[in-house]
Amino acid sequence: MKTNTVYIADDNDTDRTILESALRKLGFEVVSFTTGDAICDAIRKADRPVIALVDWLMPGRNGVDICRELSANPPSSPVYSIIVTSRTDKTDIAFALDNGADDFVTKPFNIVELRARIHVGIRLLASRQQLFDSNGRLLEHTKNVEQLAATRAEQLVRADRLSTIGILSAGMAHEINNPTSFIAINIQTLEENLQTVSTALDYGATVEQKQEAGLFMAAVPEILGEMKNGIARIRSIVNGLKSYSHLTQEKHGYFAIDDCMETALHLCANRLKYHVTVEKMLGETPQVFGDQFQIEQVLVNIFTNAADAIEESGRDGVLTLSTECANGKVIAQIHDTGRGIPAAALEKVFMPFYTTKAIGKGTGLGLSISRTIITDHKGELLVENHAEGGALFTIILPSKHKAAI
């Protein structure tokens with residue numbers, strides 16, 4: 001709708017006809033309406049700036065109602081509203097302007113004044129349209145930046161997960177190597193004794209051969225059991241690593257925080273078992289809602305940090321895990337007996353790239369990403385130095401009865 005087109009609304013046929021005629025003589029295109037509802041609907045459907053002359057007194061929504069509504073809920077294209085009224089009292093005019101009218105024209109109107117006021121509106125609409133366009137571009141840019149930020153945040157979460165896998169990989173290789181070794185030894189034992197069994201099955205076997213075969217056959221169930229346990233151990237390690245590293249597996253659902261702790265402990269087992277004793281005081285807590293794999297990532301970050309802190313303390317330590325439910329919240333606490341966190345660093349540990357570890361031992365992203373994950377789950381991640389020494393991390397998440405993300 002071009003700005004040289006004027007919308008008018010007046011329920012009085014005579015007044016409307018006079019106004020239409022005057023506007024056409026001034027060179028404007030005119031679109032007329034008899035009700036406030038009709039002109040409001042047309043203005044909201046317009047795809048270009050609109051000059052609107054609305055009579056103050058009309059059935060239903062009057063002129064002031066229309067101006068107030070358009071001011072409170074602007075249409076997609078800018079509008080310049082002019083009240084047409086026979087009222088001349090300054091209080092009335094001020095009331096109309098205070099309620100959203102951009103200008104006013106009094107009846108009987110002067111045609112020169114009417115043209116001048118409409119031209120003022122046209123100039124202002126041009127500026128408003130520029131502002132509308134600029135805002136639109138700014139909103140689009142903001143949306144693109146937010147989308148880029150979300151993408152980068154997701155990439156950081158995934159990069160942190162892969163970095164953690166790299167840190168844990170040496171220990172996992174060792175964990176896999178142990179059951180692989182005794183499987184290999186048992187296979188060698190089977191191979192070495194198969195000939196004895198074969199000979200014993202022959203009628204020509206000696207008494208000694210038959211005895212050796214009998215002893216071997218008695219040991220076979222135990223050998224096979226050890227092999228099965230080794231295979232199960234390898235499968236468990238591989239499946240845990242596969243689940244943790246599978247970047248496309250992330251999805252929201254209900255899960256138990258205790259299960260996340262067990263999985264994270266399993267992944268960190270080799271980092272903990274040599275100098276850390278794990279004590280668990282897990283209560284019966286309701287499920288939480290969110291991405292289970294991300295919560296496991298948070299716990300793995302905290303557990304590995306705890307292992308480093310205890311190792312750096314120069315002595316064996318304890319990692320205590322506890323869970324409880326209070327006030328509709330699931331609360332998980334992780335306390336290590338390591339060297340604790342320097343007081344000056346407590347306010348900084350969640351800052352990106354901040355780390356108290358030696359150069360090359362940490363990126364400074366783990367805790368920052370962990371807090372972001374917990375915040376995205378409508379929860380809190382807190383840290384403090386425990387009264388008995390070491391660091392205490394607290395994760396607070398809504399229970400499934402409260403959660404909604």
Side-chain angles (χ1 to χ4, degrees), residues 1-140:
M1 183 62 61
K2 298 178 180 179
T3 53
N4 65 348
T5 300
V6 180
Y7 287 3
I8 63 173
D10 197 322
D11 64 316
N12 186 289
D13 294 338
T14 301
D15 290 347
R16 189 176 64 255
T17 300
I18 293 173
L19 188 55
E20 287 177 0
S21 177
L23 290 172
R24 290 193 175 100
K25 287 180 181 180
L26 293 173
F28 297 107
E29 297 178 3
V30 181
V31 181
S32 298
F33 304 92
T34 59
T35 66
D37 290 339
I39 193 171
C40 279
D41 291 342
I43 289 172
R44 294 202 177 279
K45 293 176 182 177
D47 58 1
R48 292 187 181 181
V50 172
I51 295 287
L53 276 75
V54 292
D55 188 44
W56 188 319
L57 298 178
M58 288 188 294
R61 279 189 284 191
N62 61 37
V64 174
D65 293 335
I66 294 169
C67 293
R68 185 187 298 117
E69 178 181 328
L70 295 175
S71 177
N73 299 292
S76 57
S77 293
V79 58
Y80 188 85
S81 54
I82 303 174
I83 287 283
V84 180
T85 179
S86 58
R87 301 183 182 188
T88 58
D89 187 279
K90 294 187 182 298
T91 302
D92 290 333
I93 293 171
F95 176 78
L97 295 174
D98 286 342
N99 281 274
D102 293 301
D103 202 352
F104 68 93
V105 174
T106 56
K107 301 177 184 178
F109 51 81
N110 179 284
I111 192 168
V112 176
E113 178 187 2
L114 178 62
R115 181 182 61 185
R117 292 185 182 277
I118 292 176
H119 282 164
V120 169
I122 290 173
R123 291 196 299 271
L124 288 175
L125 280 178
S127 298
R128 290 181 183 178
Q129 185 62 53
Q130 289 180 352
L131 182 60
F132 264 55
D133 294 341
S134 296
N135 285 342
R137 289 192 294 271
L138 180 60
L139 287 173
E140 184 65 26

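- Annotation: side chain of R44 is in contact with side chain of L70 (closest heavy-atom distance under 4.5 Å).
- Looking at C67 and N99, their side chains never come closer than 4.5 Å, going by heavy atoms from C-beta outward.
- A distance of 13.0 Å separates CZ in F104 from CG in L53, rounded to the nearest 0.5 Å.
- Residue F28 is tested with I118, I8, T5 for a side chain to side chain contact (heavy atoms under 4.5 Å, CB included); the sole match is I118.
- Using modelled atom types, one side-chain atom of T17 and one backbone atom of D13 make a donor-acceptor pair closer than 3.5 Å.
- For the atom pair OG (S81) and CD1 (I51), the distance works out to 9.0 Å, reported to the nearest 0.5 Å.
- Screening L19, V84, I82 for a side chain to side chain contact (heavy atoms under 4.5 Å, CB included) with L114, the sole residue that qualifies is L19.
- Heavy-atom minimum distance, S76 versus A46: OG-O, 4.0 Å.
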Subject >> Check against side chain to side chain contact (heavy atoms under 4.5 Å, CB included), V6 and E29 >> reply: CA-CA 6 Å; V6 180; E29 297 178 3; over 6 Å; no

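- Separating the CD1 atom in I43 from the CD1 atom in I66 is a distance of 7.0 Å, to the nearest 0.5 Å.
- Other residues, nucleotides and ligands contribute only 12 or fewer heavy atoms inside 6.0 Å of the NZ atom of K45.
- Atom-to-atom distance recorded for D102:CG and S71:OG is 8.0 Å, nearest 0.5 angstrom.
- By the 4.5 Å heavy-atom criterion applied to side chains, L57 and N62 are not counted as neighbours.
- Here the straight-line distance linking atom CG of L23 with atom CD1 of I111 works out to 8.0 Å at 0.5 Å rounding.
- Side chain of R16 to backbone of D10: a donor-acceptor contact under 3.5 angstrom is found.
- Between Y7 and F33, the ring planes lie perpendicular to each other; the angle is over 60°, past the 30° to 60° tilted range.
- No side-chain heavy atom of M58 sits less than 4.5 Å from a side-chain heavy atom of T35.
- To the nearest 0.5 Å, the span separating OH on Y80 from CG on D103 amounts to 4.0 Å.
- With a 4.5 Å cut-off on side-chain heavy atoms, R117 and V105 count as touching.
- Taking every heavy atom of both residues into account, A101 and I83 meet most closely at CB-CG1, 3.6 Å.
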